[in-house]
Protein chains: 2
Amino acid sequence: MELNEAKNKYIQTWGSLATSWGINKTMAQVHALLLVSTKPLSAEDIMETLQISRGNVNMNVRALIDWGIVQKEFVVGERKEFFVADKDIWELFKQITKERKKREIEPVLRVLEDLQQVDDTTEEGKQFKKVLSDLSSVTTKVNGILERAIKADEHWLLSNFTKMIKK
Amino acid sequence: MELNEAKNKYIQTWGSLATSWGINKTMAQVHALLLVSTKPLSAEDIMETLQISRGNVNMNVRALIDWGIVQKEFVVGERKEFFVADKDIWELFKQITKERKKREIEPVLRVLEDLQQVDDTTEEGKQFKKVLSDLSSVTTKVNGILERAIKADEHWLLSNFTKMIKK
DNA sequence: CTAAACTTTCAATAATTATTGAAAAATAAA
DNA sequence: TTTATTTTTCAATAATTATTGAAAGTTTAG
């Protein structure tokens, strides 16, 4: 398989996975592109490769920076900004998980907690509280799983590759 | 807080969480409604409570059944179908995780594997393969985390509540 | 069988979300 | 300064996704 064909396929695959996880397609594609690029890319490079508008590039690159998985980089002799993606993909996974946990799971936990205030003098009220408490348990548990994933073996990838190389 | 108000708030919260995870809002709301209902609901009950059309109810209930988290139930003396949601929420989480793993993560792993066939005689090709192999490692690892979550303590919730009740 | 009760389908339409592109704002060079 | 270059914003528009509702299809009762 030719390299560019492979890169393309990868960018597309990643983009389509992203859409089913509530991340927009372009954002995922921009990230994928930066990830497989051997050098920093400018907004124009991205526009050209992915055939998207300047505004779109700007918005999505900014979002990626916001998520902490892409950084600006300055190239000597160039005025415009260039971008690179963090190449440690475990780090990437952790960042994304951390962000989503904060933005989505934690607010739900807060609502569930708040709802515990419901009147439970009736039988139905009691049952509802039971469902809520089940939900809280599971959400908390999921939160915990993610928490552990985030904190887990800081250098898992590194040690993994050291192993691979040594072999 | 009044019971119906609380139930409503919960249905809305769950619905909005769902949209950011690529599950459609109505599907999540229907599920939430069934979850907090003390008795099986008919298509009409759902239509009325959520103010949505018959077709919409049908499609989403069917999808929920497809995911294995809602079941049909027959009510004596009634001709139409009624629906109930599985009340074991850990089971629900496991089902959803299992489905998504199968539908989304596994196909990506297959594509990544396929892309390993890329020509790697050039330096750039080698670097790309490195990125691919990183991605595979992480995706496999995530797959593993989910796998373990699915298989984990079949009766975690149950034992948890037994503990709570005993206390 | 036929009629009534109920479920499913799907083209039309609405609602939501993403993208463009040009104008405004910001930044750096001359 | 002023001018050129680059980035950001955002209203308009396009693309995607969800929803409706009525017609067609099924099932059950009589």
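In the text below, chain A, chain B and the rest are named by the order of the sequence lines, each starting its count at 1.
Residue A/Asn58 places none of its side-chain N or O atoms closer than 4.0 Å to OP1 or OP2 of D/dT7.
In this structure, the CD1 atom of A/Ile46 is 14 Å from the C1' atom of D/dT6, given to the nearest Å. We find that CZ of B/Phe83 is positioned 11 Å from C1' of C/dT8, with the value rounded to whole Å. Across the protein-nucleic acid pair, B/Met27 atom CE and D/dA18 atom C1' stand 13 Å apart, rounded to whole Å. Atom-to-atom, CD of A/Gln51 to P of C/dG21 comes out at 11 Å; the value is rounded to the nearest Å. One can place NZ of A/Lys80 at 17 Å from P of D/dA4, the figure rounded to the nearest angstrom. Put simply, CD1 on B/Ile52 is 12 Å from P on D/dG21, counting in whole angstrom units. Rounded to whole Å, the distance from CZ on A/Arg62 to P on C/dA25 is 18 Å. Between the NZ atom of A/Lys72 and the P atom of D/dT6 there is a distance of 14 Å, rounded to whole Å.
One N or O on the side chain of B/Asp45 and one on the backbone of B/Ser42 form a donor-acceptor pair closer than 3.5 Å. Under the 3.5 Å distance criterion, the side-chain polar atoms of A/Asn58 are left unmatched by any main-chain donor or acceptor of A/Arg54. Under a 3.5 Å cut-off, the side chain of B/Lys98 and the backbone N or O of B/Ile150 do not form any donor-acceptor pair.
At the heavy-atom level, A/Asn24 lies under 4.0 Å from the strands shown only through sugar-phosphate atoms. Using a 4.0 Å heavy-atom criterion, one finds that A/Arg54 contacts the bases of the nucleic acid, with or without backbone contacts as well.
Mapping A/Phe82 and A/Met59 onto DNA chain D by nearest heavy atom places A/Phe82 closer to the 5' end of the strand. Comparing B/Asn56 and B/Glu44 along DNA chain C, the residue whose closest nucleotide (by nearest heavy atom) sits nearer the 5' end is B/Glu44.
In the set D/dT19, C/dT7, D/dT8, D/dT19 carries the atom at the smallest distance from any side-chain atom of B/Asn60. Distances from the side chain of A/Ala43 to the nucleotides D/dA18, D/dT7, C/dA18 place D/dT7 closest. Comparing D/dT19, C/dC6, D/dT8 by their nearest atom to the side chain of B/Thr26 picks out D/dT19.
Between A/Lys80 and A/Glu44, some side-chain heavy-atom pair lies under the 4.5 Å cut-off.
Checked for salt-bridge contact, B/Asp120 and B/Lys126 miss the test: no charged N lies under 4.0 Å from a carboxylate O. At a threshold of 4.0 Å, the pair B/Lys7-A/Glu124 counts as salt-bridged, since one of the basic side-chain nitrogens sits closer than that to a carboxylate oxygen. Ion pairing between A/Glu99 and A/Lys102 holds under the 4.0 Å rule for side-chain N and carboxylate O.
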Grab the N/O contacts between the protein and nucleotides 26-29 of chain D below 3.5 Å, and write none if there aren't any.
residue: D/dT27; atom: O2; partner: B/Arg79; partner atom: NH2; Å: 2.9
residue: D/dT28; atom: O2; partner: B/Arg79; partner atom: NH2; Å: 3.4

